[in-house]
S.K.: 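I'd like to ask you about the structure that follows.
Here the structure is a predicted model, which means the values were calculated and not measured.
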Amino acid sequence: MKTIVILLLLIGCYTGVGSQEQSFIKIPAGTYEIGLKGSVENPRRRITLKAFSIAATELTNAEFERFVVVTGYQTEAERFKDALVFEPGLEEFQWMDDSTAYWRYPNGITRGGISHKMNHPVTGISFTDALAYCKWAGVRLPTLEEWEIAARAGSPTKYFKGVTAENISRYANIWQGRDHLQADSADGFMYTAPVARFQPNPRGLYDVFGNVFEFCSGSLPRDKGRRVAHARGGSWWCSKTACNFFNAIDIGSVNPHASFSNLGFRVVKDQ
């Protein structure tokens, strides 16, 4: 009997739905104001949404590993060996190919793996990989609008209540250096930080700004019918002088098959 119980516990740890150990925050149905006056891509408007629940944190390496262990899934970076990584010294907005990089080594093997970072957000994965995880786990990505409503937590500004461009480092793991030529670990982390290390927004969501860009579903006028992936919230690489996307308004775009060491996701459950 003892052996059977242990086996059942192990199976429970590696089943799709059971792998979601994250806490979820319920966002009630209602009419919400999103966007910002004067924004071309994200103008101010009112929308009505059904209730949904969104993960309080970004998906971690540990949670993604459970998916891989059960399914044997290989990410696109593993198969195509085309992940893009960063190291200090690169000019602004420059990244480099590293054929050894994928989610277990998000910045390439020579820069270390995730063995001591299982509570960090998973990166080195593509939009396509994120969708594969969601299908297995019985969850989905937030829409562009859902993400914004959850991130803003009722605030009419580009940040949630209490956050300004000056105090953003209390709430977000971002790059605080003037440029990317020199390493920046002013907040204790040069790359990703453990999830929930910084202060949450009023709804209880952590890392909506900074740490990693978060994949969302949806499209923009600039897509012009092309299949484009979008991500929100900024990342550890973003700074006040480069890629200032750590807010609730700006929306990034990337090839659905591209893998970066500053791109991850959080998931949503329908009510």
Side-chain angles (χ1 to χ4, degrees), residues 19 22 55 57-90 93-137 139 141 172-175 180 183-185 189-195 197 206-207 210-217 228-238 243 245-246 252-267:
S19 73
Q22 298 171 304
T57 65
E58 296 153 341
L59 194 86
T60 64
N61 287 314
E63 289 158 336
F64 194 78
E65 183 180 56
R66 292 191 183 103
F67 160 58
V68 171
V69 168
V70 172
T71 65
Y73 182 83
Q74 277 199 319
T75 59
E76 294 195 304
E78 291 173 86
R79 289 183 280 133
F80 304 137
K81 303 188 184 303
D82 60 355
L84 291 164
V85 305
F86 168 81
E87 68 177 11
L90 290 172
F93 299 101
Q94 285 191 349
W95 292 66
M96 57 186 179
D97 292 306
D98 190 321
S99 62
T100 69
Y102 67 106
W103 69 274
R104 287 195 185 276
Y105 297 93
N107 284 288
I109 288 179
T110 61
R111 298 172 192 88
I114 62 167
S115 59
H116 301 296
K117 297 180 178 180
M118 299 307 288
N119 61 343
H120 287 229
V122 63
T123 63
I125 46 100
S126 69
F127 180 77
T128 303
D129 299 327
L131 292 179
Y133 173 87
C134 288
K135 183 178 180 180
W136 172 78
V139 294
L141 295 177
N173 171 24
I174 61 172
W175 194 270
H180 290 78
D184 169 50
S185 299
F189 309 97
M190 186 170 73
Y191 297 119
T192 57
V195 298
R197 179 60 61 93
Y206 294 88
D207 303 309
N211 217 10
V212 296
F213 273 107
E214 299 177 12
F215 285 123
C216 296
S217 63
V228 177
H230 296 292
R232 308 201 63 174
S235 76
W236 56 262
W237 189 92
C238 293
C243 189
F245 272 39
F246 40 89
S253 300
V254 67
N255 186 297
H257 304 291
S259 303
F260 284 81
S261 57
N262 69 337
L263 264 170
F265 65 104
R266 78 177 68 218
V267 299

S.K.: Roughly how far, to the nearest 0.5 Å, is SG of Cys216 from NE2 of His230?
M.R.: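 The SG atom of Cys216 is 10.0 Å from NE2 of His230, to the nearest 0.5 Å.
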S.K.: Measuring from atom CZ of Phe64 to atom CZ of Arg104, what distance do you get when rounded to the nearest 0.5 angstrom?
M.R.: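 Reported value, rounded in 0.5 Å steps: 9.5 Å.
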S.K.: According to the interplanar angle, ranging from 0 to 90°, do the rings of Trp237 and His180 count as parallel (below 30°), tilted (30 to 60°) or perpendicular (above 60°)?
M.R.: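 Parallel: the ring planes of Trp237 and His180 meet at under 30°.
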S.K.: Under the side-chain contact (heavy atoms from CB on, under 4.5 Å) rule, what do Phe67 and Val122 come out as? Steps first, then yes or no, please.
M.R.: CA-CA 12 Å; Phe67 160 58; Val122 63; over 6 Å; no
S.K.: To check you understand the geometry: which heavy-atom pair defines the closest contact between Met190 and Ser185, and what is its length?
M.R.: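 Smallest interatomic distance, heavy atoms only, reads CB-OG, 3.5 Å.
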S.K.: Just by distance, do the side chain of Glu76 and the backbone of Ala83 share a donor-acceptor pair under 3.5 Å?
M.R.: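 It does not hold such a pair.
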S.K.: Of the non-hydrogen atoms in Ala77 and Ser259, which two are nearest, and what is the gap between them?
M.R.: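 Ala77 and Ser259 have their closest heavy atoms at CB-OG, 3.8 Å.
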S.K.: Tell me, with the steps shown, if Asn61 and Asn119 meet side-chain contact (heavy atoms from CB on, under 4.5 Å).
M.R.: CA-CA 6 Å; Asn61 287 314; Asn119 61 343; over 6 Å; no
S.K.: Taking the side chain from Thr123 and the backbone from Pro106, do they hold a donor-acceptor pair closer than 3.5 Å?
M.R.: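 No, Thr123 side chain to Pro106 backbone: no donor-acceptor pair under 3.5 Å.
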S.K.: Can you confirm if the aromatic rings of Trp103 and Tyr133 lie within a centre distance of less than 6.0 Å?
M.R.: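 Tyr133 vs Trp103: aromatic centres not under 6.0 Å.
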S.K.: So which heavy atom on Leu263 is nearest to which on Ala231, and how close?
M.R.: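 Reported closest heavy-atom pair: CD2-CB, 3.7 Å.
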S.K.: Using modelled atom types only, decide if a donor and an acceptor are shared between the side chain of Asn211 and the backbone of Ala193 within a distance under 3.5 Å.
M.R.: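 It does hold such a pair.
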S.K.: Measure the CD-NE2 distance between Glu58 and His120 for me, rounded to the nearest 0.5 Å.
M.R.: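 Glu58 atom CD to His120 atom NE2 measures 11.5 Å (nearest 0.5 Å).
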S.K.: Knowing that exactly one of Trp175, Phe93, Phe260 qualifies, which makes a ring pair (Phe, Tyr, Trp, His ring centres under 6.0 Å) with Phe86?
M.R.: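 Of all the options given, the one that passes is Trp175.
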S.K.: Would you check if there is a donor-acceptor pair between the side chains of Asn107 and Ser261 at a distance under 3.5 Å?
M.R.: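 Asn107 and Ser261 do have a side-chain donor-acceptor pair below 3.5 Å.
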S.K.: Which heavy atom of Ser217 sits nearest to which heavy atom of Leu141, and what is that distance?
M.R.: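 Closest approach of Ser217 to Leu141: OG-O, 4.0 Å.
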S.K.: What do the steps show when you test Asp98 against Arg111 for salt bridge (charged side-chain N to carboxylate O under 4.0 Å, His left out), and what is the final call?
M.R.: CA-CA 11 Å; Asp98 190 321; Arg111 298 172 192 88; 3.1 Å; yes
S.K.: When you measure from the side chain of Asp129 to the backbone N and O of Gln74, does any donor-acceptor pair fall under 3.5 Å?
M.R.: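 Pair absent, no side-chain N/O of Asp129 close to backbone of Gln74.
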S.K.: Mind listing the closest non-hydrogen atom pair of Gly233 and Phe213 along with its distance?
M.R.: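 For Gly233 and Phe213, the tightest heavy-atom pair comes out as N-CD2, 4.3 Å.
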S.K.: Do Val212 and Thr192 pass the side-chain contact (heavy atoms from CB on, under 4.5 Å) test, and can you show the C-alpha distance, the side-chain angles, and the key distance before you say yes or no?
M.R.: CA-CA 7 Å; Val212 296; Thr192 57; 3.8 Å; yes
S.K.: Please give me the minimum heavy-atom distance between Asn173 and Phe189, naming the atom from each residue.
M.R.: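 For Asn173 and Phe189, the tightest heavy-atom pair comes out as OD1-O, 4.0 Å.
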S.K.: Look at the side chain of Asp207 and the backbone N and O of Val195, then say whether any donor-acceptor pair between them is shorter than 3.5 Å.
M.R.: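 Such a contact is absent between Asp207 side chain and Val195 backbone.
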S.K.: So does Gly124 get a backbone contact from the side chain of Tyr105, meaning a donor-acceptor N/O pair under 3.5 Å?
M.R.: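 Answer holds: no.
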S.K.: Is the shortest heavy-atom distance from the side chain of Val70 to the side chain of Arg66 under 4.5 Å?
M.R.: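 Val70 vs Arg66: side chains apart.
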S.K.: Please name the residue in the list Leu131, Leu59, Val254, Val267 that meets the side chain to side chain contact (heavy atoms under 4.5 Å, CB included) test with Phe215.
M.R.: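 Answer after filtering Leu131, Leu59, Val254, Val267: Val254.
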